[in-house]
Structures are given as C-alpha cells and as structure tokens.
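Order of appearance sets the numbers: ligands from 1, and atoms from 1 within every ligand.
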Amino acid sequence: MKADLLITGISQLVTAKGSWAKHGSAMRELHVMERAAIAIVNNRIVWTGKERDWNGEALALVDVGNRAVVPGLIDPHTHAVWAGDRLADFDARTSGETYEAILAAGGGIRRTIRATSAATKDELVLLAEVRIHALLRSGATTIEVKSGYGFTPALEIAMLEVIEALAAGTPARLLPTLLIHIPPVNTADRTGYITQICTELIPEVARRKLATAVDIFVEKEAWQVEEATLVLQSAKQYDLATKLHTEQFQRVGGLELGVRMGALSVDHFEACGAEQLAMLAASSTIATILPGVSLHLGIPAAPGRQLIDAGAAVAVGTDLNPGSSPLFSTATALALAVRLNGLTAQEALVAGTVNAACALGLADAGRLEVGLQADFLVLEGSDWRELVYTLGTNPVREVWIRGERL
Ligand SMILES: [Zn+2]
C-alpha cells in the first residue's frame with residue numbers, strides 16, 4: 001500500500017466503531033489500540049493498525065511523540081453567532097436578581113436579539129469567527145451553529161447567511177440549523193408568525209440550502225407543543241431534519257413531540273422525568289445534554305447517567321451562547337458531562353464523537369475508520385482519558401482536519 005502520509009508515535013488510537021448511534025452500555029465500547037499508526041491518502045484514512053504491522057510506503061511521516069489520538073470532536077449544539085454581551089445580566093444574577101426581574105429590566109435573551117439585529121453581517125462574521133476558532137482549538141472539527149436571534153424571517157435568513165460565510169472561512173465543518181427561538185412579545189402575533197415561518201421562512205431556507213435542520217424551543221415561556229408541531233411538520237415537508245430545545249425548565253411535552261416526529265435529537269432535559277427517559281431510550285432520537293448550562297445557571301444537571309442506564313443514546317454539546325452557556329471548549333463540555341451528568345470517560349467520548357455525529361444526521365464523522373476523512377486530535381498526554389480529566393487548560397495539542405495539521 002502507498003500512503004501520502006503515515007502518522008506514527010500514537011500511544012493509543014481511540015475510537016468507537018460503526019456509524020450508528022450507541023445506546024446504553026454500548027456507549028462504553030471504545031476501541032483502544034496501543035502503539036498505533038494511521039495511513040492517509042487524499043485526506044482520507046486508508047489504514048489503521050499497530051505501527052509494527054505497517055508494511056507499505058509513505059511519502060511523508062509524522063511522529064506524534066507517544067501521544068494519544070482520538071477522533072475530531074463533534075459539537076452538536078451551539079449558538080455561536082451573536083452580538084453584544086450579557087455581562088450586565090450576569091452581574092445582576094450573581095448579585096441576587098431573579099430571572100424575571102432581569103427580563104423586566106430589558107435584559108435576558110431580548111438583549112441579545114436587539115444587539116444581533118442591529119449588527120451588520122460582516123460584524124457578526126467577525127465576532128463569530130473568534131468563537132468558532134476557540135471551539136476548533138478545543139477539538140471540535142464539526143460544529144453545528146444555530147440561527148435564532150433574528151426576530152423576523154429576514155433576520156433569521158441573514159443569520160444563516162452569516163453561518164454560510166463562516167463555513168467558507170474555517171477548516172471546520174459547520175452544520176447550519178434554523179432555530180425558531182422565542183415568540184413575539186405580543187401573543188396576538190404568534191399565529192401570524194408561525195404561518196410566516198411555515199409558508200415563507202422554511203421554504204426559502206430549504207430552497208437556498210441555508211440549513212440542514214429546523215430546531216424549535218418548546219417551553220412554557222417559549223413555543224407550545226401545538227405551535228411546534230406545525231413548524232416541525234413544515235420542516236419535514238421540505239426534507240429538513242428536526243430538533244427541539246425542550247424540558248429545560250418545565251415538563252411541557254416537547255420531548256414526546258420530538259420522539260413522535262422522529263427528531264434527530266431532543267436537547268436539554270434538565271427537567272425530564274423517569275417515564276420520559278424510557279420513551280426516549282426506545283426511540284432513535286438522540287438525547288443531547290448541555291452541561292455548560294447547568295454549571296453557568298446553577299440549574300439541576302440533565303440526568304445523563306439515568307438516560308444511559310435506561311438505554312438512550314446520549315450526545316454532549318457546549319450550547320455556546322451568551323446567556324446560559326459561555327462555554328468555548330467542546331473538550332470541557334465532555335469533562336463537565338463526566339462531573340455533572342455522571343458519564344464515564346468512555347461514555348463522554350462516544351457522546352462527543354459518534355453520537356454527536358448522529359445528532360446531526362452524519363454517518364461519516366466522529367470515528368477513525370478506513371474511508372473516513374482524517375479528522376483527529378493529538379492530545380497532550382499519552383492516555384486519552386486526559387481529554388475529559390483536564391480542566392482549565394487545553395488537553396488538545398494538535399487538531400488535524402482532512403489529513404492536515406492546523
Ligand atoms: Zn441551545
């Protein structure tokens with residue numbers, strides 16, 4: 001065999017196998033090969049095995065110096081495009097103000113909507129580039145980015161155009177999602193807005209291929225199940241995948257809706273109940289948990305341990321956003337899932353690679369297998385578990401995308 005590049009000096013080559021989502025105890029089935037090597041041709045993996053078993057020729061050799069290699073991480077849930085900040089809200093909250101008082105004073109998500117709507121597309125691209133770079137440096141080679149801070153169809157389209165521009169300027173693979181975030185303040189406008197979303201916004205997004213999925217925030221203070229049903233039905237009609245933010249603060253039936261509609265993922269779960277865990281475990285919908293929110297807002301963590309014990313397929317994301325999760329490291333999201341959600345190191349890596357890929361509908365990412373694009377991380381240490389053990393410094397030494405070191 002002839003390779004363009006042979007990567008050697010790998011203390012441990014770690015990956016899950018098979019493109020399907022790993023449910024329950026299968027989330028602990030990681031394959032760890034010691035003293036391994038990877039051969040790459042045309043940006044793709046053509047061989048992996050024990051270094052001593054390689055008997056081909058390679059045009060170039062890179063020795064990573066006895067370090068662990070894991071697949072590039074997949075961040076399946078971010079809101080990386082926004083303008084302004086939420087520092088005044090943070091100050092108010094840490095000084096004891098309630099969420100309602102902050103909202104009444106003009107803070108909260110509406111502050112971000114105002115600032116984002118007022119920014120130009122170029123300004124938004126510049127602001128978001130830095131965040132995408134931070135996620136990339138933390139190991140995320142594939143990143144989902146949502147719209148959702150626009151408040152009209154035109155502003156949501158503009159946000160998706162910003163994500164398109166970001167995707168063109170980064171080596172990371174960006175997956176754009178249209179997020180239907182919060183309803184108009186005036187309840188009389190809700191029905192009209194839903195109609196506009198279903199008859200104008202979603203068809204245009206699908207026609208221009210500006211998003212691969214539609215997400216909706218189903219919560220007591222946001223959209224109701226009946227409204228979300230219309231939006232998700234419209235998404236399906238236009239061949240877009242579906243996702244939901246739900247059961248974050250209250251049990252509102254969004255989880256049941258997601259399972260019923262065959263959503264790719266249902267995200268959050270902090271307020272989910274035992275019977276909901278069983279329903280999710282029996283479905284193909286991925287449970288995406290977001291520990292950065294629990295840490296930042298001090299709300300109960302999603303029941304990651306119980307979800308896995310019930311047989312669900314769990315993914316983990318940063319939920320990077322200015323209000324509830326200013327977490328700029330995908331590796332740290334996995335480290336937090338171990339501490340706050342009760343995942344083991346093995347489960348966290350599966351949640352941040354193959355299961356996160358499934359939460360985005362991707363069968364060709366999150367693993368180190370022959371035929372796949374060579375997206376991988378060289379860690380600082382020789383034991384891969386340092387990826388989820390380390391806090392406060394970056395455990396990722398090198399990020400490789402399509403067989404090239406960044
Ligand atoms: Zn979110």
Under 3.5 Å, sequence neighbours excluded: what are the donor-acceptor pairs made by side chains of residues 370-379?
from, atom 1, to, atom 2, distance (Å)
Q373, NE2, D375, OD1, 3.2
Q373, NE2, D375, OD2, 3.1
D375, OD1, R402, N, 2.8

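Under the salt bridge (Lys or Arg N to Asp or Glu O under 4.0 Å) criterion, D4 pairs with no residue, sequence neighbours left out. Partners of F90 according to the ring-ring contact (aromatic ring centres under 6.0 Å, His included) rule, which considers only residues two or more places apart in sequence or in another chain, are H296.
Evaluated for a side chain to side chain donor-acceptor pair (under 3.5 Å) with H79, the options T177, N321, D319 yield exactly one hit, D319.
Counting only distances under 2.8 Å, and ignoring water, the protein N, O or S atoms around the Zn ion (ligand 1) are H77 NE2, H79 NE2, H245 NE2, D319 OD1.
Of the N and O atoms on the side chains of E398 and W400, at least one donor lies less than 3.5 Å from an acceptor on the other residue. Counting only N and O atoms by type, the side chains of S265 and K243 include a donor and acceptor under 3.5 Å apart.
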